[in-house]
Amino acid sequence: MALTKSEIESSSDVKIETISVPEWGGHVCVRTFTSDDGDEYESGIVNLQKTGEGLPKKIRALIVSIASCDESGNRLFSSDDIDMLASRAFGPMKRISDAAIKLNGLDASEDDIEKK
């Protein structure tokens, strides 16, 4: 049976995970992207891409800026915070971005996606 508009609107489809960041003295929550967040991520990739080869510069900072949230799922950062986040230590940023990548399925290949 097809979902109704009301059922879609009332569904809770945002997932939040807590990532330990002892270097910063606590934890950071990351969440699944909304559709708008996904668009921001994709346009951010294009904007950060410099050479057309490999990962764009500041990709981790972009992902962390979009996925980091408070315990209610409200974003902590905006695109204005990417440079600040890019200056943070690699270890915590990698841990947070890896969790966000996994949570959002950004690590899946096109073949994996087609099989689902």
Side-chain angles (χ1 to χ4, degrees):
M1 185 160 79
L3 293 169
T4 66
K5 176 182 175 182
S6 176
E7 289 170 328
I8 293 169
E9 287 177 329
S10 65
S11 69
S12 177
D13 58 358
V14 175
K15 296 178 185 174
I16 299 173
E17 290 186 2
T18 302
I19 310 305
S20 178
V21 188
E23 300 91 335
W24 297 347
H27 68 271
V28 172
C29 295
V30 294
R31 64 178 172 82
T32 52
F33 291 176
T34 64
S35 184
D36 280 345
D37 293 336
D39 291 344
E40 181 180 347
Y41 168 74
E42 289 173 350
S43 67
I45 293 292
V46 171
N47 291 336
L48 292 174
Q49 191 73 45
K50 299 291 184 190
T51 64
E53 298 177 18
L55 288 175
K57 188 175 180 182
K58 301 182 184 180
I59 185 69
R60 281 185 186 80
L62 172 65
I63 293 168
V64 170
S65 74
I66 296 171
S68 296
C69 64
D70 63 20
E71 292 177 349
S72 297
N74 301 305
R75 278 181 66 169
L76 296 179
F77 305 108
S78 73
S79 58
D80 294 336
D81 298 309
I82 290 174
D83 287 336
M84 178 276 294
L85 290 167
S87 72
R88 304 304 303 168
F90 177 77
M93 290 294 291
K94 182 174 184 335
R95 194 174 319 116
I96 298 165
S97 64
D98 285 352
I101 287 166
K102 184 176 179 182
L103 185 63
N104 284 285
L106 302 177
D107 58 347
S109 71
E110 288 184 27
D111 291 339
D112 293 337
I113 293 167
E114 289 173 7
K115 291 177 187 174
K116 291 183 180 180

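Taking the side chain as every heavy atom from C-beta outward, D13 and T32 never approach each other to under 4.5 Å. Between L106 and Y41, the closest side-chain pair of non-hydrogen atoms falls below 4.5 Å. Two residues are said to be in side-chain contact when any heavy atoms from C-beta on lie closer than 4.5 Å; P92 and K94 fail this criterion. Residues E23 and M93 form no side-chain contact, since every pair of their non-hydrogen atoms from C-beta on lies 4.5 Å or further apart. Looking at heavy atoms from C-beta onward, S65 lies in side-chain contact with L85 at the 4.5 angstrom threshold.
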Problem set entry | Test side chain to side chain contact (heavy atoms under 4.5 Å, CB included) applied to R88 and W24, step by step | CA-CA 10 Å; R88 304 304 303 168; W24 297 347; 3.7 Å; yes
For this session: For the pair T4 and E9, evaluate side chain to side chain contact (heavy atoms under 4.5 Å, CB included) and give the outcome as yes or no after the intermediate values.
Result: CA-CA 9 Å; T4 66; E9 287 177 329; over 6 Å; no
Exercise. Would V30 and E17 count as a side chain to side chain contact (heavy atoms under 4.5 Å, CB included) if you check the C-alpha gap in whole Å, the side-chain angles of each, and the deciding distance to 0.1 Å?
Worked result: CA-CA 5 Å; V30 294; E17 290 186 2; 4.3 Å; yes
For this session: Go through the steps for D70 and R75 under the test side chain to side chain contact (heavy atoms under 4.5 Å, CB included), then give the verdict.
Result: CA-CA 7 Å; D70 63 20; R75 278 181 66 169; over 6 Å; no
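Within a 6.0 Å sphere centred on CD of E71, heavy atoms belonging to other residues, nucleotides or ligands number 12 at most.
Using a 4.0 Å cut-off between charged side-chain N and carboxylate O, R60 and D98 make no salt bridge.
Side-chain N or O atoms of D39 include none that pairs as donor or acceptor with a backbone N or O of D36 at under 3.5 Å. Using modelled atom types, one side-chain atom of N104 and one backbone atom of F33 make a donor-acceptor pair closer than 3.5 Å. Although no hydrogens or angles enter the test, the distance criterion places no donor-acceptor pair under 3.5 Å between the side chain of S72 and the main chain of N74.
Summarising the geometry of S79 relative to E40, their closest heavy-atom pair is CB-OE2, 4.1 Å, with the distance given to 0.1 Å. Nearest approach of A2 to E7, heavy atoms of both residues: O-OE1, 4.2 Å.
Between the CG atom in L3 and the CD1 atom in I8 there is a gap of 5.0 Å [rounded to 0.5 Å]. Rounding to the nearest 0.5 Å gives a distance of 16.0 Å between NZ of K15 and SG of C29. Summarising the geometry, atom OG belonging to S97 is positioned 12.0 Å from atom CD1 belonging to I66; distances are rounded to the nearest 0.5 Å.
By the criterion of side-chain heavy atoms lying less than 4.5 angstrom apart, applied directly or through intervening Ile, Leu, Val, Met, Phe, Trp or Tyr residues, F77 is not grouped with L62; the two fall into different hydrophobic clusters. At a threshold of 4.5 Å between side-chain heavy atoms, the hydrophobic network of Ile, Leu, Val, Met, Phe, Trp and Tyr places L76 and L103 in one connected group. At a threshold of 4.5 Å between side-chain heavy atoms, the hydrophobic network of Ile, Leu, Val, Met, Phe, Trp and Tyr places I101 and I82 in one connected group.
A side-chain contact (heavy atoms from CB on, under 4.5 Å) with S68 is found for exactly one of I19, I63, D81, V28, namely V28.
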